[in-house]
Amino acid sequence: MQRLPFGLRCDLIAHPEYVSSRGFPTNIPLSECARYLAPTESVRITHRQPALSWCLPPDVRQQAFQVLVSDQLEALLQEEGNYWDSGKITSGNAQSILYNGKQLRSSTSYHWTVRVWDEQGQVSDYAKPQTFLTGALERKYTPAHYPSQKQLQFPREVQRINDDHFSLDFGKAAFGTLQLTLTSDVEGHEVIIHLGEVLETPGKIHREPGGGRRYRSVSLRLKHGTHTYQIQFSPDRKNTRKHAIKMPEYIGEVMPFRYVEIVNYSGQLIENQLQRIAVGYPFEDEASYFHSSDTVLNQVWDLCKYTIKATSFAGIYVDGDRERVCYESDSYINQLSHYGVDAEYSLARRTLEYLLHHATWPTEWVLHGVMAAHADWMYTGNTQMIERYYPVLKNRTLVSLADAKGLISSRRARRRTERGVRYDRTSFKKKNIKDIVDWPQTGGMGLSEEDPGETDGFEFCEVNTVVNAFHYYTLQLMASMAQAIGKEREYQFWQQQQKKVYQSFQQHLFDPDRQVYVDGIGSQHASLHANMFPLAFGLVPSACRASVVAFIKSRGMACSVYGVQYLLDGLYGAGEAEYALQLLTSTGERSWHSMIAAGSTMTMEAWGDRFKPNQDWNHAWGAAPANIIPRYLAGVRPLAAGFSKVVIQPQPGSLTEFEIKVPSIRGAFVLHYQRNTSSYELKLHIPGNVAAAVYLPALTGQVRVYQNEHEIAVKQAGSFYEVPVVFGGDYTFRVVLAEDGKSDEKIVS
């Protein structure tokens, strides 16, 4: 068998050999970093048992593997692992194999490779070796991460406004600074540089863009002759305060800008004299793509994918440029969306670790910490974060605030805090948590007291429906994570608590007369939020689903760009693909299209200035379509941790065609869907070592189903046809309306 393992990773890092100098990528070998004259930055593996992973070709199902690790590349190429030779290990697992050899040394380069045996017992050659560098090794797990990266970008357009005034457009906004080469006949000639995100008129940057949108003016005194200058930004007080994420020293201060004006310069300017030094986390543009028959949806995808790439500038997920603070809700949506557009897991994991030490104040945000840990595990198959932070994750469920019914209340937390009871040992020693539901609320963030905000009139009660929907979901996730790390007694506890909350939720928060959920115990008001969150988290019994969905649809998109993540989660989970598609492709005021129409090239903090006057134009919590499209419209989601089992359940709605590449830790899934009036075709590429449960959208009437041109029998499963499990490879499924009156046992009706 010559089909080699590929896509090797060490502690989830695909390129642990990465080295940069002052932020710019280099080709310097890890072994040469210490002798390099300029400062360098590199990936450091700091855990004594790094996790090793690899991918396999589509037609390979692994039955065994052998890992070699050596501190000498020459020895490894001779198939000698002087630090670890695992021998042949019978296992189909190719994710997160923990190093189990001689003790690694700090600040040392190591090389590793792997070979595998397939179902027929044939063995591959060894994979191309991968090199990693250790840091100060620790017993406790700490996520590895890349250094932040700089990239030179040239303007798409340079326009001369008049003799001494130029206008530049880089096409899209990015975080960074400006480098330019200018010529002066005299010493000290002053040039004014304007940078911003928003145009006031063509060629003129808005000097007062309002809210959190950015503009700066910099005075530059030129030297005599031709010189290259780099703009240095002074820190902005608003986004460099105590809780803000600071920029690394080797990167320096940055700002988001798309447009530049150069005033009082009469020389010539061409594109190669001007570069934006854009800053971000390493990103693989080719890891994903999406195109469909709907042009608005394509624009929305491009907007959201680029947002994930561009907002990674701080090396930890932050809430845009206005504050640069790391919040759990923002980070969770950012995390799922990052998984949807790139097979990159270290930035999300680094952010999760930060938040487990620095929790924020909203009740629901605290609960998001559990959700982020569970998503990390499902997408990577690695339990190291769960094992290290399990006690903290237990606290993040806020189960200590539950009453006899199992329901929690943040007001109960405040009373306990006043009595000196610490309910979270890592945070909140001097903080009170407070329910948020959605943001902004009535009268908040520049809104008037009469403005309803983004909560759809939600009535805040002591026992809040939205908070307890989140609580229920975290109990479910904790049960599965406890089981994954062998805590059987804890698993039983979480399951019992989950059942208790479910029963109490239905008994105390559901209005049987109106068949909808109310905002809390004692409330008569039913909001969009009190219904969409239970729907998203699996709390709505099947008998009540129709009434809850009907109510949700009656409210439209009466939520923020944060809340719409859960609105769409719930709608797709309930099979409301067409209505969800209408929301994704809306051109109304509350839409992603409206962000594009306003001129933003990243998702906004809100649907527009009217909804949040101090909003910014670079907020990744508005990029939900980057995860909704691959997870639900294409329907590719992990069923088992690390994508060993997946579900592929497309919900295209009225789309006539789409094509998508969905990244995963095991390789990319590629889907191409095309339909006409009486049939459709779905082409699938499934990576190796993956078992896939495929569900094909049902048509109205009797159908025949074909797999690779052979008719197959399928099961009707609601509005889908369930296909027998398939494994890595290429497949073509066709679903065709059968001729009336024709009898055949494989016809599905």
Side-chain angles (χ1 to χ4, degrees), residues 363-364 366-368 370-371 374 396-413 435-438 455-480 482 491-555 558-559 563 565-576 579 718-719:
T363 315
E364 296 94 323
V366 177
L367 295 158
H368 271 85
V370 178
M371 296 160 61
H374 184 267
R396 291 296 193 269
T397 66
L398 301 180
V399 70
S400 62
L401 304 182
D403 59 16
K405 298 186 289 290
L407 303 177
I408 66 170
S409 169
S410 61
R411 297 184 189 179
R412 207 171 291 133
D435 302 348
I436 197 168
V437 174
D438 210 335
T455 60
D456 194 32
F458 189 89
E459 182 179 355
F460 286 82
C461 305
E462 178 157 343
V463 177
N464 173 333
T465 301
V466 171
V467 164
N468 279 282
F470 272 101
H471 177 58
Y472 167 83
Y473 189 53
T474 63
L475 296 174
Q476 176 184 328
L477 303 184
M478 283 302 297
S480 60
Y491 165 70
Q492 298 294 336
F493 167 77
W494 297 118
Q495 278 208 318
Q496 293 167 6
Q497 199 70 15
Q498 180 191 351
K499 291 177 183 177
K500 181 192 290 188
V501 172
Y502 181 88
Q503 294 168 355
S504 296
F505 200 93
Q506 312 307 328
Q507 181 180 351
H508 298 285
L509 298 170
F510 187 73
D511 183 338
D513 296 326
R514 289 182 287 172
Q515 291 286 295
V516 294
Y517 292 93
V518 293
D519 294 348
I521 293 180
S523 175
Q524 296 301 309
H525 183 263
S527 64
L528 170 67
H529 299 71
N531 287 272
M532 72 181 189
F533 283 105
L535 185 67
F537 297 146
L539 272 158
V540 182
S542 57
C544 307
R545 192 167 298 150
S547 60
V548 169
V549 167
F551 176 80
I552 287 172
K553 293 170 72 172
S554 75
R555 303 303 302 149
C559 60
Q565 169 75 52
Y566 301 100
L567 173 59
L568 292 169
D569 275 342
L571 289 171
Y572 274 110
E576 293 290 332
Y579 180 62
S719 57

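Along the sequence shown, residues carry numbers from 1. This one's a predicted model, so the numbers in the text were calculated from it and none came from an experiment. Note that these values count all heavy atoms, side chains included, but never hydrogens, waters or copies made by symmetry.
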Could you walk me through whether Tyr473 and Val370 pass the side chain to side chain contact (heavy atoms under 4.5 Å, CB included) check?
-> CA-CA 9 Å; Tyr473 189 53; Val370 178; over 6 Å; no
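- Taken to the nearest 0.5 Å, the OG1 atom of Thr397 stands 7.5 Å off from the CG atom of Leu367.
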Just do the side-chain hydrogen bond (donor to acceptor under 3.5 Å, both in side chains) check on Gln495 and Tyr491 with the steps written out, would you?
-> CA-CA 6 Å; Gln495 278 208 318; Tyr491 165 70; 3.0 Å; yes
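- Using a 4.5 Å cut-off on side-chain heavy atoms (C-beta onward), Lys405 and Lys500 make no contact.
- Glu364 contributes a side-chain N or O that, together with a main-chain N or O of Ile436, makes up a donor-acceptor pair within less than 3.5 Å.
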Criterion side chain to side chain contact (heavy atoms under 4.5 Å, CB included) on Ile521 and Glu462, from CA distance to verdict = CA-CA 7 Å; Ile521 293 180; Glu462 178 157 343; over 6 Å; no
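- Side-chain contact check for Val463 versus His508: every heavy-atom pair is 4.5 Å or farther apart.
- Note: Leu475 CG to Ser480 OG = 11.0 Å, rounded to the nearest 0.5 Å.
- With 3.5 Å as the limit, one finds a donor-acceptor pair spanning the side chains of His525 and Asp519.
- How far CG of Leu407 is from CD of Gln507: 9.5 Å, rounded to the nearest 0.5 Å.
- No donor-acceptor pair closer than 3.5 Å links the side chain of Asp511 to the backbone N or O of Gln515.
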Show your reasoning for whether side chain to side chain contact (heavy atoms under 4.5 Å, CB included) applies to Val540 and Phe510.
-> CA-CA 10 Å; Val540 182; Phe510 187 73; over 6 Å; no
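- A donor-acceptor distance shorter than 3.5 angstrom exists from the side chain of Asn464 to the backbone of Val467, with no hydrogens or angles considered.
- Closest approach of Gly406 to Ala402, counting heavy atoms only: O-CB, 3.7 Å.
- Nearest heavy atom pair, residue Ser547 against residue Val516, reads O-CG1, 4.2 Å.
- Within the 4.5 Å cutoff, the side chain of Leu477 has heavy atoms near those of the Met371 side chain.
- Between the side chain of Gln506 and the main chain of Leu539, a donor-acceptor pair closer than 3.5 Å is present.
- In this structure, the separation between CG on Asn468 and OH on Tyr472 is 12.5 Å, given to the nearest 0.5 Å.
- The shortest non-hydrogen separation linking Pro534 to Ala469 is N-CB, 4.1 Å.
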Take Arg396 and Thr474, measure what side chain to side chain contact (heavy atoms under 4.5 Å, CB included) needs, and give me the verdict at the end.
-> CA-CA 9 Å; Arg396 291 296 193 269; Thr474 63; over 6 Å; no
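- Here the shortest heavy-atom pairing between His529 and Ala558 reads CE1-O, 3.2 Å.
- The closest donor-acceptor contact from the side chain of Ser504 to the backbone of Val501 lies at 3.5 Å or more, if one exists at all.
- Between Leu528 and Asp456 the shortest heavy-atom distance is N-OD2, 2.7 Å.
- Side-chain contact between Gln497 and Val399: present, with at least one pair of heavy atoms (C-beta onward) separated by less than 4.5 Å.
- The aromatic rings of Phe533 and Tyr566 lie tilted to each other, with the angle between the two planes from 30° to 60°.
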Can you list the steps and then say if Asp438 with Thr455 is a side-chain hydrogen bond (donor to acceptor under 3.5 Å, both in side chains)?
-> CA-CA 5 Å; Asp438 210 335; Thr455 60; over 6 Å; no
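- The distance from atom OG of Ser409 to atom CG of Leu401, rounded to the nearest 0.5 Å, is 8.0 Å.
- For the pair Met532 and Leu567, the tightest heavy-atom approach, listed with the atom from each and the gap, is SD-CB, 3.6 Å.
- Gln498 and Tyr502 share no side-chain donor-acceptor pair at under 3.5 Å.
- Side-chain contact between Asp435 and Val466: absent, with no pair of heavy atoms (C-beta onward) separated by less than 4.5 Å.
- For Tyr517 and Phe551, the gap between ring centers reaches or exceeds 6.0 Å.
- Residues Phe537 and Phe470 bring their aromatic ring centres within 6.0 Å.
- For Thr465 (side chain) and Val518 (main-chain N/O), a donor-acceptor pair under 3.5 Å exists by modelled atom type.
- Put simply, the side chain of Gln565 reaches to within 4.5 Å of the side chain of Asp569, judged on heavy atoms.
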